[in-house]
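Just so we're on the same page: letters track the sequence lines, and every chain starts at 1. All values below come from the heavy atoms of this structure, side chains included, with hydrogens, waters and symmetry mates left out. Please read all numbers here as calculations on a predicted model, not as lab measurements.
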Amino acid sequence: MTGNTDIIFAQPLDCYVKLTYKTRLSSIRFIKSKNSLKEKRTFDATFELEQYFSGEKKEFSCDVDISGLSLFTQKVLDELRRIKYGETITYSGLAERIGSKAYRAVGRALASNPIPIVVPCHRVVAKNGVGGYSGGVDVKKRLLELEGIH
DNA sequence: AGCAGGTTTAGCG
DNA sequence: CGCTAAACCTGCT
């Protein structure tokens with residue numbers, strides 16, 4: 001069962017990224033390990049991600065597997081994928097897009113997002129400040145910097 | 001049912 | 001201006 005994961009090193013983040021696949025890309029995790037890990041590239045999305053980190057790619061063509069999540073969460077993540085490279089939106093703004101005022105629930109939905117980056121949850125910021133991030137706020141800041149946002 | 005969360009906004013010192 | 005406190009909505013126990 002270990003043949004469905006890839007690992008690459010993300011220069012901009014200074015940490016490894018592990019991708020898990022089922023029928024589709026199903027999860028991405030940040031690994032802040034001191035030890036060097038063995039990198040592995042077997043899926044298309046992995047290459048896309050690598051190109052994204054090097055600044056060559058700005059959007060992902062791969063599909064993601066979010067079928068296990070609640071309807072509301074899927075709605076949030078789905079809408080979020082429409083946010084373009086280099087753009088940001090606030091929690092409340094994103095809530096409005098899906099016809100709701102549940103900005104707090106949006107934060108909760110994003111927190112349970114299994115696939116950061118491809119589903120650009122780092123582009124969602126708080127109204128005053130950067131907001132939070134599952135993988136760590138430092139990672140979020142670096143991702144925003146990579147996209148040219150300060 | 002109750003609680004907590006990647007917020008927000010208002011109100012007070 | 002910086003901080004505390006209450007309110008909005010959803011998902012989990």
Side-chain angles (χ1 to χ4, degrees), chain A residues 1 4-35 37 43 45-46 48-150:
Chain A
M1 247 335 226
N4 58 345
T5 64
D6 276 1
I7 294 182
I8 61 174
F9 185 77
Q11 290 288 350
L13 307 183
D14 192 40
C15 74
Y16 286 91
V17 176
K18 179 167 130 190
L19 303 89
T20 307
Y21 293 82
K22 308 272 187 193
T23 55
R24 296 278 171 221
L25 179 61
S26 70
S27 86
I28 292 182
R29 281 190 41 198
F30 302 106
I31 312 229
K32 294 162 187 166
S33 167
K34 299 169 194 164
N35 317 0
L37 301 176
F43 298 94
T46 306
E48 287 197 18
L49 198 64
E50 198 161 41
Q51 289 173 44
Y52 168 82
F53 285 133
S54 65
E56 299 165 28
K57 195 160 188 63
K58 304 193 172 172
E59 56 188 63
F60 300 96
S61 62
C62 58
D63 276 326
V64 294
D65 181 18
I66 54 175
S67 55
L69 303 172
S70 71
L71 184 63
F72 177 82
T73 303
Q74 288 188 38
K75 221 169 163 185
V76 172
L77 299 186
D78 203 46
E79 187 63 38
L80 181 53
R81 290 195 70 188
R82 298 191 190 173
I83 309 300
K84 296 180 212 138
Y85 186 97
E87 285 185 15
T88 58
I89 190 172
T90 59
Y91 293 90
S92 56
L94 185 57
E96 248 177 65
R97 278 202 178 206
I98 61 174
S100 166
K101 297 183 305 187
Y103 30 80
R104 195 116 190 233
V106 167
R108 204 174 212 318
L110 297 180
S112 58
N113 171 22
I115 317 169
I117 301 181
V118 174
V119 179
C121 51
H122 58 277
R123 291 181 196 145
V124 184
V125 297
K127 241 172 184 175
N128 344 318
V130 63
Y133 197 66
S134 306
V137 181
D138 53 329
V139 171
K140 182 173 187 173
K141 283 183 190 159
R142 295 191 192 215
L143 286 172
L144 291 175
E145 252 178 62
L146 174 63
E147 300 194 2
I149 305 165
H150 314 96

To the nearest Å, how far apart are Leu77(A) CG and dG11(C) P? 11 Å
Listed in order of residue number, which residues of residues 121-138 of chain A have a non-hydrogen atom at under 4.0 Å from DNA chain C? none
Among dG6(B), dC9(C), dT8(B), which nucleotide sits nearest the side chain of Thr90(A)? dT8(B)
Starting the side chain at C-beta, find the nucleotide from dA7(C), dC9(C), dT8(B) nearest to Tyr91(A). dT8(B)
If I take atom CD1 in residue Ile89(A) and atom C1' in nucleotide dT7(B), what distance separates them, rounded to the nearest angstrom? 14 Å
If you assign Ser112(A) and Ala102(A) each to the DNA chain C nucleotide with the nearest heavy atom, which residue ends up on the more 5' nucleotide? Ala102(A)
Looking at Ser100(A), does any N or O in its side chain come under 4.0 Å of the phosphate oxygens OP1/OP2 on dC9(C)? no
Which word best sums up how the rings of Tyr133(A) and Phe30(A) line up, parallel for under 30°, tilted for 30 to 60°, or perpendicular for over 60°? tilted
Taking Watson-Crick and G-U wobble contacts under 3.5 angstrom, with | marking pairs to another strand and [ ] crossing pairs, the secondary structure of DNA chain C is written |||||||.|||||
Quickly work out the Glu96(A) CD to dC8(C) C1' distance and round it to whole Å. 14 Å
Answer yes or no: is there a donor N or O on one side and an acceptor on the other, between the side chain of Ser26(A) and the main chain of Thr20(A), under 3.5 Å? yes
Check the side chains of Tyr21(A) and Thr46(A) for a donor-acceptor pair under 3.5 angstrom, ignoring hydrogens and angles. yes
Can you measure from SG (Cys121(A)) to CG (Asn113(A)) and round to the nearest 0.5 angstrom? 4.5 Å
